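Reading through the structure tokens given below for one structure.
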Amino acid sequence: EYHSATGQYYLHNFFKAQPDLNWRNPEVLKEFDSIMRFWLDKGVAGFRLDVFNMIIKDISFRDNPKSIKTDEPEIRLYRQRPIYNTSQPEVHAILKRWRLTTDEYSSDRLLLGESNRVYDMKVLAGFYGKQDELQLVFNLAFVDAPFKATQLRDLVEKTEAAFMQNQWPAWTGSNHDKPRMASRWAAGDEHKHRIALMMLLGLHGTPVLYYGDELGMEDVYIAPWRLKDPQGRKYWPVNGGRDRARTPMPWKNQHGAGFTDENVRPWLPYGDLRVRSVDSQMHIKDSTLQFSKDLIALRQSEPDLYAGSYESLPTVDSVWAWKRGKNTVVAMNFSNYHHEIKNISGKIVLGTQRKRQGETVKGLLHLEPWEGAIVKGR
């Protein structure tokens, strides 16, 4: 982009107002050392690193090759393969530098990375280094995957195979750049959304919930004249932007939603406060919020779920079941048909159908359409 005030060009991977810094310049590195220490001195728990794998580019600024038919949809959308503007070898030295900085304070300070257009799980695992780079890296290929048992299972198995024993996956279903999983994966279906929650909380690794996921919060319709996201304002109606997944957190079923004063109009509108607010779900025994709380509590209390290994179990294609640790099985039916899974015994400690909790399973687990269950063996 040409900058008339200086008579120079600058590089930006995203919007014009977001110039990329030159991370080969040692002064940039020193400045960010200072920024990180400023916040670490104030006691922050760590940093989420946005598109960290794009901060440094090919030293010769070579052109990316054209995309091909077998590439991932997002790569085909941009019509180029991100060979020279993402995941350059030199990024690892920067990650190691940041890790040394955070480790000066304590091992509890976290570096959580958000990569961009990384579909090779070995490349993703590489950003952990030898426990000297990032502690967690979001698996965005998982977010982009269709909500089908075979595709999700395949991606998790590839991730588990690529990661070394001391590397810890991070899973999420929603974020500020993607439609919410209650809309994108579940299409507003409560049964499907609970399956998604159980999947995230039941996998080996760290689950990350985007605000409102615990309520089943869906994308909110936003009139074109209220759009704030530059992407949506530029490409509407072909692309409505990301604002629909960025609407205010609905705390209460009242004016202001507990998010702001009653007489203040937020930048973006609220969703359905009667159904998707903390206040409206807090005291309902079978609400999505209570289901989420119970899932989190179970995960925290069961060693198999918070620390146990992952092992896929044999099932038909529309069912996904896996073993965690020594005695726990997570099983989910991603179809409109009834299914039975053999060789599972124990007690259902949590189910998407709450009435089944406490039920004893003797060798055969029956699942109704879009039902999930966590079974603890004896």
Side-chain angles (χ1 to χ4, degrees), residues 45-49 52-53 87 89 91-116 118-145 149-173 198-209 295-296 298-315 320-332 343-344 346 374-377:
F47 302 95
R48 177 196 174 279
L49 309 171
F52 71 88
N53 66 315
S87 304
V91 76
H92 295 283
I94 299 173
L95 298 180
K96 286 181 171 67
R97 182 185 183 113
W98 290 343
R99 180 65 178 270
L100 285 172
T101 299
T102 55
D103 282 354
E104 286 177 18
Y105 289 78
S106 82
S107 59
D108 292 333
R109 305 298 174 99
L110 177 69
L111 291 176
L112 167 60
E114 181 217 48
S115 62
N116 186 275
V118 176
Y119 298 97
D120 186 330
M121 295 303 103
K122 291 183 179 179
V123 173
L124 194 74
F127 295 125
Y128 290 76
K130 297 178 180 178
Q131 291 187 296
D132 58 353
E133 296 184 35
L134 303 181
Q135 288 106 321
L136 291 175
V137 183
F138 278 128
N139 191 330
L140 294 188
F142 183 80
V143 180
D144 290 333
T150 49
Q151 283 92 332
L152 291 166
R153 179 173 53 220
D154 180 62
L155 189 56
V156 169
E157 289 173 352
K158 287 180 179 177
T159 303
E160 290 286 338
F163 279 35
M164 293 186 292
Q165 189 174 3
N166 57 2
Q167 294 176 336
W168 195 250
W171 309 103
T172 187
M198 181 173 284
M199 173 180 66
L200 290 174
L201 272 294
L203 285 170
H204 165 248
T206 294
V208 179
L209 297 182
L295 260 175
I296 294 169
L298 180 66
R299 181 186 172 91
Q300 290 177 331
S301 65
E302 291 290 341
D304 276 355
L305 288 176
Y306 67 72
S309 59
Y310 170 94
E311 178 189 349
S312 290
L313 298 177
T315 60
W320 184 14
W322 63 87
K323 185 179 180 181
R324 290 294 313 278
K326 296 179 179 180
N327 296 306
T328 305
V329 170
V330 182
M332 295 174 293
N343 302 319
I344 295 180
I374 298 177
V375 180
K376 184 177 180 180

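The model shown is predicted, which means the values in this text are computed figures rather than measured ones.
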Please enumerate all residues that pass side-chain hydrogen bond (donor to acceptor under 3.5 Å, both in side chains) together with Tyr306, with sequence neighbours excluded. none
Whether the Ser115 and Asn53 side chains hold a donor-acceptor pair (N or O, under 3.5 Å, no angle test) is what I'd like checked. no
Those residues that, when tested against Asp144, pass side-chain contact (heavy atoms from CB on, under 4.5 Å) (two or more places apart): Glu74, Tyr119, Lys178
Please report the interatomic distance OG1(Thr102) to CG(Leu134), rounded to the nearest 0.5 Å. 9.5 Å
Write down the atom of Leu155, the atom of Ala145, and the distance for their closest heavy-atom approach. CD2-CB, 4.4 Å
Once side-chain contact (heavy atoms from CB on, under 4.5 Å) is applied, do any residues pair with Asn343, and if so which ones, sequence neighbours excluded? none
For Thr206, which residues count as a side-chain hydrogen bond (donor to acceptor under 3.5 Å, both in side chains) partner, sequence neighbours excluded? Trp168
List the atom of Thr172, the atom of Val208, and the distance in Å for their closest heavy-atom pair. OG1-O, 2.8 Å
Taking side-chain hydrogen bond (donor to acceptor under 3.5 Å, both in side chains) as the definition, give me every residue that meets it alongside Gln131, ordered by chain and number, with sequence neighbours left out. Asn166
Within the structure provided, determine whether Phe138 and Arg48 are in side-chain contact (heavy-atom separation under 4.5 Å). yes
Do Leu209 and Leu200 have side chains that approach each other closer than 4.5 Å (heavy atoms only, starting at C-beta)? yes
Heavy-atom side-chain proximity of Val329 to Ile374 below 4.5 angstrom: no
Check whether any side-chain heavy atom of Leu203 lies under 4.5 Å from a side-chain heavy atom of Phe142, and answer yes or no. yes
In short, salt bridge (charged side-chain N to carboxylate O under 4.0 Å, His left out) pairs touching residues 152-165 with sequence neighbours left out are Asp154-Lys158
Which distance, rounded to the nearest 0.5 Å, do you find between the CG of Leu136 and the CG of Leu112? 5.5 Å
Residue pairs fulfilling salt bridge (charged side-chain N to carboxylate O under 4.0 Å, His left out) with at least one residue in residues 96-107, sequence neighbours excluded: Asp33-Arg97, Arg37-Glu104, Lys96-Glu133, Arg99-Asp103
Start with the C-alpha gap between Val91 and Phe127, add the side-chain angles, then the distance that decides, and say whether side chain to side chain contact (heavy atoms under 4.5 Å, CB included) holds. CA-CA 9 Å; Val91 76; Phe127 295 125; 3.9 Å; yes
Quick check: does any side chain N or O of Arg299 sit under 3.5 Å from a backbone N or O of Leu201, one acting as donor and the other as acceptor? yes
Side chains of Leu140 and Glu114: closer than 4.5 Å at any heavy-atom pair? yes
Tell me every residue that passes side-chain contact (heavy atoms from CB on, under 4.5 Å) with Ala149, counting only those two or more places apart in sequence or in another chain. Trp320, Phe334
Applying side-chain contact (heavy atoms from CB on, under 4.5 Å) to Gln151 and not counting sequence neighbours gives Pro146, Lys148
If the condition is side-chain hydrogen bond (donor to acceptor under 3.5 Å, both in side chains), which residues does Gln135 pass it with, not counting sequence neighbours? none
Atom pair NE2 (His204) and OG1 (Thr159), whose distance is rounded to the nearest 0.5 Å: 11.5 Å
If the condition is ring pair (Phe, Tyr, Trp, His ring centres under 6.0 Å), which residues does Tyr128 pass it with, not counting sequence neighbours? Phe163
Residue pairs passing the side chain to side chain donor-acceptor pair (under 3.5 Å) test with at least one member in residues 322-331, sequence neighbours excluded, are Asp304-Thr328
With a 4.5 Å cut-off on side-chain heavy atoms, are Leu49 and Trp98 touching? yes
